[in-house]
Each structure stands twice: as C-alpha cells, then as structure tokens.
Amino acid sequence: MLVGFPQMSNLGHTLLRALLPAFMLVAGMLQAQLEPMRVDPAPVGVDPAGPPRPVAIPAVQVQKPQAPPQAGKGVPVPRDQTRVAVLGYHNFSKTAPVSEMLMRTEDFRNQMEYIRKSDLTVISMQEFLEWRFGARRLPAKCVLITMDDGWRSVYTEAYPILKEYGYPFHLFLYTHYLSGRGQSMSPEMIREMMKHGASIGSHSVSHLYPKDWKAREPQDSPAYTALIDQEFGLSQKQLTTLFGSVNTYCYPGGYFTPPMLERIPGYGYVAAFTVLPGKVTDTEDPFQIHRYMVFGTDPTIFDSAMDFRVAEAGTSVSLGVDPGTLPPTTPPPPFAVLPRPDSTVPCNFKVVEANLSGVAGVDMDSLRMSVSGFGRVPAHVDANAKTISWQVPLRIYMPNISVHVTWKTTNGASHKAEWSFKVDPYAAVQQ
C-alpha cells in the first residue's frame with residue numbers, strides 16, 4: 001500500500017504507480033524554472049559521496065561612497081592655476097655664525113617640516129619644466145628646492161634632511177668648485193645624492209660676480225662673447241660629461257645682460273633662474289625665473305615664499321603676490337614716497353620709503369610695509385622723522401612694483417596707502 005494515500009482499489013493503485021513518475025518529472029521541471037539549480041564543487045579533501053556540507057555565503061559589505069579629493073596637496077589643477085615658490089639656499093652649519101649665505105641646519109629642518117605640514121607639494125626640476133612647457137599639470141601650490149654653488153655642507157647637513165623627507169632638489173654647480181677639497185663637494189658626493197632626488201644645473205664655470213662682468217670688455221665685443229661662451233657653454237659641457245644632461249642655468253648674483261639672454265638657448269639650456277623673489281606662473285619667462293633666496297639672517301623671506309594668498313590689488317595688503325600695477329582709481333599716498341608714484345627707476349634702486357611726518361596721530365609702532373613679490377619687508381621705522389624705509393638688498397628686474405603701507409592712528413583707526421612704479425632693467429644704474 002502506498003503510504004499517505006487513502007485506501008483504493010487494486011486498479012487505482014496500478015494507475016497511480018504508472019502515473020507517479022510522470023508527476024515527478026513535471027514537478028522537477030517546474031522547480032527548475034522557479035529556482036535554477038546550483039551545483040557547488042566539493043572542496044578539496046571532501047568526499048563528494050559523503051553527506052552535504054553547508055555552503056558559506058560571504059557577508060555583503062556595504063561600500064560607503066568616497067568623498068571626492070579636495071583641491072590642495074597632490075591634486076593637479078589647470079596649468080594657469082598653479083603657482084610655484086622656488087627656494088634658493090647656499091651653505092649650512094649646526095654651529096657656525098649665520099649669515100645671508102649660511103643657515104643654521106636646525107632652521108633648515110624646521111622649514112622643511114613646515115612644508116611637510118602645509119598644503120604644499122615639493123616638485124622636482126623635471127616636473128617643473130614639464131609644467132612650464134605644457135606637458136604636465138601640478139597642484140595649485142608647489143615648492144621647488146634649489147641649492148647654489150656646491151658647498152660640502154649641502155651633502156653633510158641638508159642632504160640627510162631632504163632624503164629623510166623624500167624631497168627632490170636641484171643643485172646649481174659651478175665647475176671650479178667641484179674638487180672635493182676644503183668646503184666644496186666632490187663629484188662622488190653629488191652622484192650619491194643623484195640617486196636620492198638630486199638633479200643638476202649649471203651655475204657657470206668660475207662664478208663671476210656682477211662687478212666682474214662690468215669690468216670686462218664692452219658687451220658687443222668678441223671678448224665679451226667669448227666669456228659668455230666659457231661661463232655658459234663650457235660649464236654645460238663639463239657638467240654634462242660628469243653627471244649627464246644639464247639644461248638649466250642659474251645666474252651668479254642674479255646678473256644677466258641682453259647678450260647673455262640672446263645666446264643662452266644655443267648652449268642647450270631651456271630655463272635660467274634669477275635671485276628675484278616672486279611666485280612663478282605658467283607665463284614666466286623661462287630665462288628669467290624668479291626665486292626666493294632664503295638668507296640665514298632673514299626668516300621673513302621664507303615666510304613670504306610660503307604665503308600663497310592672492311590679494312586683490314588696491315583693496316588689501318598683498319603678501320607675496322606677483323608684482324603689478326595698481327588700478328588707475330587708486331588714490332596717491334597723502335605723503336611723500338620713494339620711488340615716486342608712476343615713476344621709472346633703474347634695477348638697482350636703493351630704497352623704498354614713506355614719510356608720514358605730515359600725518360596726524362600716527363602710532364609709529366603699527367607702521368608696516370609690504371612690497372609686491374617680497375611680501376612684508378623688514379622695513380626700518382624712524383619714530384623721530386616719522387618715516388618707514390626699506391633698503392633694497394638686491395637688484396630688481398620685475399617691471400612693475402606696488403608698495404603697501406599700513407598704520408593705525410591713536411584713536412585705533414586703521415589706514416593704508418598704496419602706490420606703484422616701474423623698473424627699467426636697461427636704464428643706467430645708480431652709483
């Protein structure tokens with residue numbers, strides 16, 4: 001008797017036994033349509049003929065949508081939105097007295113740490129050149145580190161710090177200072193640094209200072225051309241032989257002349273660097289690139305280099321912004337200033353000054369001066385004469401300069417005066 005079925009005749013049992021396989025086949029087909037069969041292979045070491053094992057189903061992980069990257073460090077932007085602060089260093093020491101050219105090692109470390117903690121990206125010279133000539137995009141705020149001359153302390157003091165932070169850097173070397181004797185580096189030291197982020201540029205053969213060039217033959221003489229060929233061309237060949245391709249140059253003392261600018265591309269250089277401060281943009285003249293020369297005696301230069309704020313000219317004090325003229329609607333200062341507003345001066349003008357002796361109630365302790373391209377400058381305030389003045393430390397070739405002087409009066413009110421002037425790099429220099 002079939003279990004589960006009520007009593008029926010022998011004929012009924014016979015018919016049910018005949019139809020049961022057909023019913024089972026139809027039921028299987030319907031089940032297959034409703035739920036597709038899944039056959040899991042037996043795991044290694046499990047007998048397929050044994051009892052079935054439960055199949056582990058991985059838990060479903062809910063993926064949270066990631067926030068889009070924020071503009072800043074490491075995120076490329078359109079080329080015209082990038083600005084680069086090129087830093088220039090010379091010599092380092094843990095104990096020797098600091099000077100313009102010599103910086104305390106610990107101060108250098110602190111500056112590198114500031115860069116690490118800030119929203120800044122340190123780039124290599126190759127990345128800089130690719131960006132400048134349109135082959136690469138960079139983050140909005142970048143730093144390029146350069147070292148002039150070839151002091152041994154770059155290898156003993158600065159290099160370990162740069163290696164620790166993983167920062168690339170560029171060495172501008174002059175070939176007469178590559179002996180490894182005294183305070184100079186050897187080629188072997190330089191090659192070691194090249195394995196850890198260093199690249200090489202030329203700083204001439206003999207590092208002639210501006211006064212040395214001026215004492216030479218007239219600029220249109222064959223002797224002057226031969227000297228350019230030596231300092232620019234020979235140094236490039238010598239450095240290329242020692243270290244591989246060299247295509248950047250740094251003017252000793254920041255000095256260059258029209259004949260130099262005319263001939264420099266012919267030696268294989270694609271870029272040359274000055275000692276004039278200011279942020280570099282994608283429109284920078286490739287043979288007059290700005291640099292912030294970081295002096296051991298003046299920490300404000302590094303501060304200006306790290307200030308990437310852009311102030312609207314004529315409405316607020318500009319700190320470290322690119323040089324330029326003020327809008328025509330900017331009122332002239334209500335006191336005497338030097339250089340005079342809208343005047344033109346030679347590149348070696350000596351002083352920027354404002355005389356507030358005719359202004360009532362000036363709080364002399366509140367007087368501040370900022371110069372475009374330099375940011376806030378270490379100006380001298382003479383409380384007796386009621387003047388604020390800044391002795392310009394180097395030649396300036398930027399064509400347009402704006403100056404911003406701020407102060408408070410004894411009633412607590414804030415005031416500002418601004419003016420701009422032009423620089424003619426080819427004008428007769430002041431003696």
Side-chain angles (χ1 to χ4, degrees), residues 99-100 275-278 292-293 295 297-305 307 309 311-425 427-431:
S99 65
E100 285 192 347
V275 296
L276 304 175
Y292 292 89
M293 302 310 298
F295 296 150
T297 53
D298 189 355
T300 64
I301 299 174
F302 179 80
D303 296 340
S304 295
D307 191 341
R309 291 176 293 176
E312 184 179 352
T315 62
S316 61
V317 176
S318 300
L319 296 175
V321 302
D322 294 328
T325 56
L326 298 172
T329 55
T330 304
F335 40 73
V337 299
L338 289 174
R340 297 190 309 275
D342 300 320
S343 63
T344 300
V345 298
C347 60
N348 71 329
F349 67 98
K350 307 297 184 183
V351 66
V352 178
E353 183 178 83
N355 187 327
L356 286 77
S357 58
V359 180
V362 177
D363 177 1
M364 299 303 294
D365 291 335
S366 69
L367 263 177
R368 302 288 186 270
M369 177 184 287
S370 294
V371 179
S372 59
F374 293 82
R376 181 178 166 185
V377 296
H380 172 70
V381 175
D382 187 329
N384 294 323
K386 297 184 73 174
T387 61
I388 181 170
S389 60
W390 176 51
Q391 298 295 321
V392 184
L394 42 76
R395 295 191 178 202
I396 295 178
Y397 294 89
M398 295 177 288
N400 300 299
I401 301 292
S402 58
V403 184
H404 312 260
V405 174
T406 61
W407 71 97
K408 292 182 178 180
T409 46
T410 51
N411 61 4
S414 298
H415 303 269
K416 176 182 65 178
E418 302 175 293
W419 75 99
S420 60
F421 57 93
K422 296 178 173 58
V423 176
D424 181 357
V429 299
Q430 299 174 0
Q431 300 299 326

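The model shown is predicted, which means the values in this text are computed figures rather than measured ones.
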Shortest non-hydrogen contact between [X] and [Y], atoms and distance:
{"X": "Phe335", "Y": "Ala354", "value": "CE1-CB, 3.7 Å"}
{"X": "Lys386", "Y": "Met364", "value": "CA-CE, 3.4 Å"}
{"X": "Cys347", "Y": "Val423", "value": "CA-CG1, 3.7 Å"}
{"X": "Val362", "Y": "Trp407", "value": "CG1-CD1, 3.9 Å"}
{"X": "Thr300", "Y": "Pro378", "value": "OG1-CD, 4.2 Å"}

Checklist entry - With Asp382, which residues qualify under side chain to side chain donor-acceptor pair (under 3.5 Å), at least two apart? => result none
Checklist outcome for this item: Residues at least two apart in sequence or cross-chain that pass side chain to side chain donor-acceptor pair (under 3.5 Å) with His415, listed by chain then number, are Thr409
Item to check | Atom NZ of Lys408 with >12 non-hydrogen neighbours under 6.0 angstrom | outcome: no
Checklist entry - Is the ring centre of Phe421 less than 6.0 Å from the ring centre of Phe349? => result yes
Next on the checklist: Could you check whether any side-chain N or O of Trp390 sits under 3.5 Å from a backbone N or O of Val371, counting only pairs where one atom can act as donor and the other as acceptor?
Outcome noted: no
Checklist entry - Which residue pairs satisfy the side chain to side chain donor-acceptor pair (under 3.5 Å) criterion with at least one member in residues 334-345, sequence neighbours excluded? => result none
Checklist entry - Just how far is it from atom OG of Ser420 to atom NE2 of His404, taken to the nearest 0.5 Å? => result 9.0 Å
